[in-house]
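Remarks on the structure that follows.
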Amino acid sequence: MLLYPGPTTVATHTLLPLTEEGDAFGGLLTEDPELQRLAAEHGFRTTDARRFADIARERELPVRDQVADVVPAPSYEVVEDLIGRIEERYTADGMPAPAGDDGAAGGTAAVTTPVPEEVVRT
């Protein structure tokens, strides 16, 4: 079953190469025909929308050629607020506190990943 909630968000994955090898890897991901084919076969919409649509038709999958009703993903701050509210409700209902970063049960503080200030500002 495929579900297209409306509206939906589209994840934009960014590769920030830090080395020449990383830059070459990014080029392979976006330009190599074989990697593009493999990505499309595994359900990823690549830069060539026609490739995904062709594979879906070959497999008789009733998917949209293009995703409609797309809204931006929530900001980091909004996601952190949602996680905090869910955690508060979770513990208020008598459930044990979520596991910490180390996987051990317990803990009362929200588990957050620090984000560099320059990322938050952009």
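This structure is a prediction, so every number in the text was calculated from the model and none was measured.
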Going through the distances and angles, do D54 and R57 end up as a salt bridge (Lys or Arg N to Asp or Glu O under 4.0 Å)? CA-CA 5 Å; D54 290 346; R57 267 192 292 285; 3.0 Å; yes
May I ask you to check whether over 12 heavy atoms, not counting those of E34, lie within 6.0 Å of atom CD? yes
In short, Q36 meets T46 closest at the heavy-atom pair OE1-CB, 2.9 Å
Might you point out which heavy atoms bring P17 and L15 nearest each other, and give the distance in Å? CD-O, 3.3 Å
Please enumerate all residues that pass salt bridge (Lys or Arg N to Asp or Glu O under 4.0 Å) together with E41, with sequence neighbours excluded. R37
Quick one: salt bridge (Lys or Arg N to Asp or Glu O under 4.0 Å) partners of R59, sequence neighbours excluded? none
Gap between atom OG1 of T91 and atom CD1 of I86 - 0.5 Å precision: 12.0 Å
Identify the heavy atoms of F52 and F44 that sit nearest to each other, and give their distance. CD1-O, 3.6 Å
Which atom pair, heavy atoms only, marks the closest approach of L29 to L35? N-CD1, 4.3 Å
Return the OH to CD1 distance between Y90 and I83, rounded to the nearest 0.5 Å. 14.5 Å
